[in-house]
Amino acid sequence: MKEQQIQQFNHDLLDWFHRKGRRLPWRKTDNPYYIWISEVMLQQTQVNTVIPYYNQFIKKFPTPEALADAPEQEVLKSWEGLGYYSRARNLQKGVREMVATYNSELPKNKSDLLSLTGIGPYTASALMSMAYHEPEPAIDGNLMRVLSRIFLIDDDIAKQKTRKKFEKLASDLIVQTEPASFNQALMDLGAMVCRPKIADCSQCPISSHCRAYEEGVQLEYPVKSGKAKPRMLHYAVLLLLDEQGRFLVEQRPDSGLLAGMWQFPMLSLDEYEDEQQQQAYSRERFQCSVEPPEAAFSYTHHFSHLIWKLTLRIGRTPSQMKLRKRQCWATMNELKRFPFPVSHQKVIRWIEKNRPLHT
DNA sequence: AAAGCGTGGGT
DNA sequence: TACCCAAGCTT
């Protein structure tokens with residue numbers, strides 16, 4: 001675009017944004033720490049889902065020191081249900097780095113921001129523009145979708161290096177006067193008007209600048225390579241009670257899927273295929289009998305990259321049993337203090353509904 | 001570079 | 001129903 005066109009583009013975009021842009025909790029603050037929290041929560045997560053988590057989180061951890069000093073379990077508990085839990089762990093790690101290295105203040109330059117755990121290229125640019133009003137384009141999925149349509153860019157946005165191309169492009173586009181509004185405007189436009197499957201071009205303030213609209217090919221953009229089909233895994237979820245009606249729960253490993261979250265013990269039914277092996281294993285590991293297996297209910301839980309087929313089985317285990325590391329007995333009330341992934345919250349809900357006395 | 005990493009909502 | 005998708009980062 002020529003300079004004249006760029007100015008017109010920005011005028012049309014920002015005028016729309018000031019009239020129709022969303023009013024969101026994290027847009028009311030100038031506290032870089034709060035903006036950081038919002039940006040992390042918003043990664044791969046929709047605005048409406050984030051709002052209650054954001055409000056609750058800044059209330060519970062109002063300062064960087066409060067978050068830095070909190071036990072990780074409490075942070076995960078506040079993140080419970082939001083997904084991608086490594087975000088919470090990385091956020092706390094990053095905040096601890098900030099407290100230790102930068103005197104509790106968020107750095108004001110991009111390379112220092114990038115050095116903090118959990119801050120990648122998008123978040124660093126978002127913070128530069130939204131917290132410090134520097135003209136840094138924050139290239140996320142919305143920006144790439146909108147700009148790919150405006151300029152008919154057919155690079156695969158699933159590839160890392162494509163982001164750099166959009167970064168260069170948007171650097172020449174972004175207004176110096178209110179860079180935060182530029183980024184937020186394109187995000188709002190992407191979320192509300194220029195959507196993936198529905199491009200409501202009649203409501204678009206910049207359709208006159210849009211080459212995809214001109215050619216009627218909005219929905220062919222952006223180009224994005226497909227994802228692999230999720231793998232399926234089968235587990236028995238073991239609801240093991242001691243004589244006092246307490247439940248055996250355990251904390252997952254510190255890395256990998258649902259790291260640091262709690263769960264009821266799970267028995268892989270893919271590794272122990274025949275019934276004999278499963279029984280032998282569960283007896284050895286839990287000193288309990290789940291035979292004849294009392295299957296309470298079965299359900300399916302979908303992750304982004306795999307599917308769990310789960311069957312709840314109920315058994316009895318002596319409370320004197322030697323527990324492994326990261327395992328403990330917990331009453332229903334105690335158990336609720338631990339962060340559980342949704343896949344296991346379903347079990348808790350089932351217990352409360354069907355076994356109110358926990359017997 | 002590509003895969004791993006959650007969940008809820010929309011079509 | 002069964003997809004697809006969302007303000008990405010880490011390894």
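Lettering of chains follows the sequences in order, A, B, ..., and the numbering in each one begins at 1.
For Leu257(A), the listed nucleotide lying nearest its side chain is dC5(B); candidates were dC5(B), dC9(C), dC5(C). Considering only the side chain of Arg87(A), dG6(B) comes nearest among dC5(C), dG6(B), dG8(C). For Pro341(A), counting side-chain heavy atoms from C-beta on, the closest listed nucleotide (dA6(C), dC5(B), dT7(B)) is dT7(B). Picking from dT10(C), dC4(C), dG6(B) the nucleotide with the shortest atom distance to the side chain of Gln160(A) gives dT10(C). Checking dG6(B), dC4(C), dG8(C) against the side-chain heavy atoms of Asp140(A) singles out dG8(C) as nearest.
Rounded to an integer number of Å, the gap from His302(A) NE2 to dG4(B) C1' is 18 Å. Residue Gln46(A) contributes atom CD, which lies 8 Å from atom C1' of dG8(B) at whole-angstrom precision. Note: CG (Leu76(A)) to P (dC5(B)) measures 16 Å, nearest angstrom. Atom CZ in Arg89(A) sits about 10 Å away from atom P in dG6(B), given to the nearest Å. The distance from atom NZ of Lys164(A) to atom P of dA1(B) is 8 Å, rounded to the nearest whole Å. The separation between Ile157(A) atom CD1 and dA1(B) atom P is 16 Å, rounded to whole Å. In this structure, the CG atom of Leu306(A) is 9 Å from the P atom of dG6(B), given to the nearest Å. Rounded to an integer number of Å, the gap from CZ of Phe303(A) to C1' of dC5(C) is 18 Å.
Taken together through direct or relayed side-chain contacts under 4.5 Å among Ile, Leu, Val, Met, Phe, Trp and Tyr, Trp262(A) and Leu310(A) form part of one hydrophobic cluster. When the side chains of ILVMFWY residues are joined at heavy-atom separations under 4.5 Å, either directly or via intervening members, Leu152(A) and Phe9(A) end up in two distinct hydrophobic clusters.
Classification of Arg89(A) and Glu72(A) as a salt-bridged pair holds, one side-chain N sitting under 4.0 Å from a carboxylate O.
For Lys224(A), a side-chain nitrogen or oxygen approaches OP1 or OP2 of dA6(C) to under 4.0 Å. Side-chain nitrogen and oxygen atoms of Lys159(A) include none within less than 4.0 Å of the OP1 or OP2 phosphate oxygen of dA1(B). In terms of phosphate contacts, Arg195(A) brings a side-chain nitrogen or oxygen within less than 4.0 Å of OP1 or OP2 of dT11(B). At dC9(C), one or more side-chain N or O atoms of Thr123(A) fall inside 4.0 Å of OP1 or OP2 (strictly under the cut-off). Phosphate contact (OP1/OP2 of dT7(B), side-chain N/O of His301(A), threshold under 4.0 Å): present. For the pair His305(A) and dC5(B), the criterion of a side-chain N or O lying under 4.0 Å from OP1 or OP2 is met.
As judged by a 4.0 angstrom heavy-atom cut-off over every strand, Leu24(A) is placed among the base-contacting residues. At the heavy-atom level, Asn48(A) lies nowhere under 4.0 Å from the strands shown. If you check every strand for non-hydrogen atoms under 4.0 Å, Gly190(A) touches nothing. Leu258(A) comes within 4.0 angstrom of the backbone, heavy atoms only, and of no base. Contact annotation for Trp26(A): base contact, defined as any heavy-atom pair under 4.0 Å involving a base atom. Using a 4.0 Å heavy-atom distance criterion, Arg145(A) is classed as a sugar-phosphate-only contact.
Here the separation of dC4(C) from dA3(B), taken at their P atoms, is 16 Å to the nearest Å. Nucleotides dG8(B) and dC9(C), compared at atom P, are 23 Å apart to the nearest Å.
Ring planes of Phe264(A) and His344(A): parallel class, angle under 30° (limits at 30 and 60°). Between Trp308(A) and His301(A), the two ring planes are tilted [angle within 30° to 60°].
Checked by distance alone, Thr49(A) brings no side-chain donor or acceptor within 3.5 Å of a matching partner on the base of dG9(B).
Checked by atom type and distance alone, the side chain of Glu80(A) pairs as donor or acceptor with a backbone atom of Phe340(A) at under 3.5 Å. Not one N or O on the side chain of Glu220(A) forms a donor-acceptor pair closer than 3.5 Å with the backbone of Val217(A).
Comparing Ala191(A) and Asn90(A) by the nucleotide of DNA chain C that holds the closest heavy atom to each, the one mapping nearer the 5' end is Ala191(A). With DNA chain B read from its 5' end, the first of the two nearest nucleotides for Arg231(A) and Ile198(A) is the one closest to Arg231(A). Between Val47(A) and Leu114(A), the residue anchored nearer the 5' end of DNA chain C, judged by the nucleotide with its closest heavy atom, is Val47(A).
For dG6(B), the base is stacked against the aromatic ring of Tyr84(A), per a cut-off of 5.5 Å between centres and 30° between planes.
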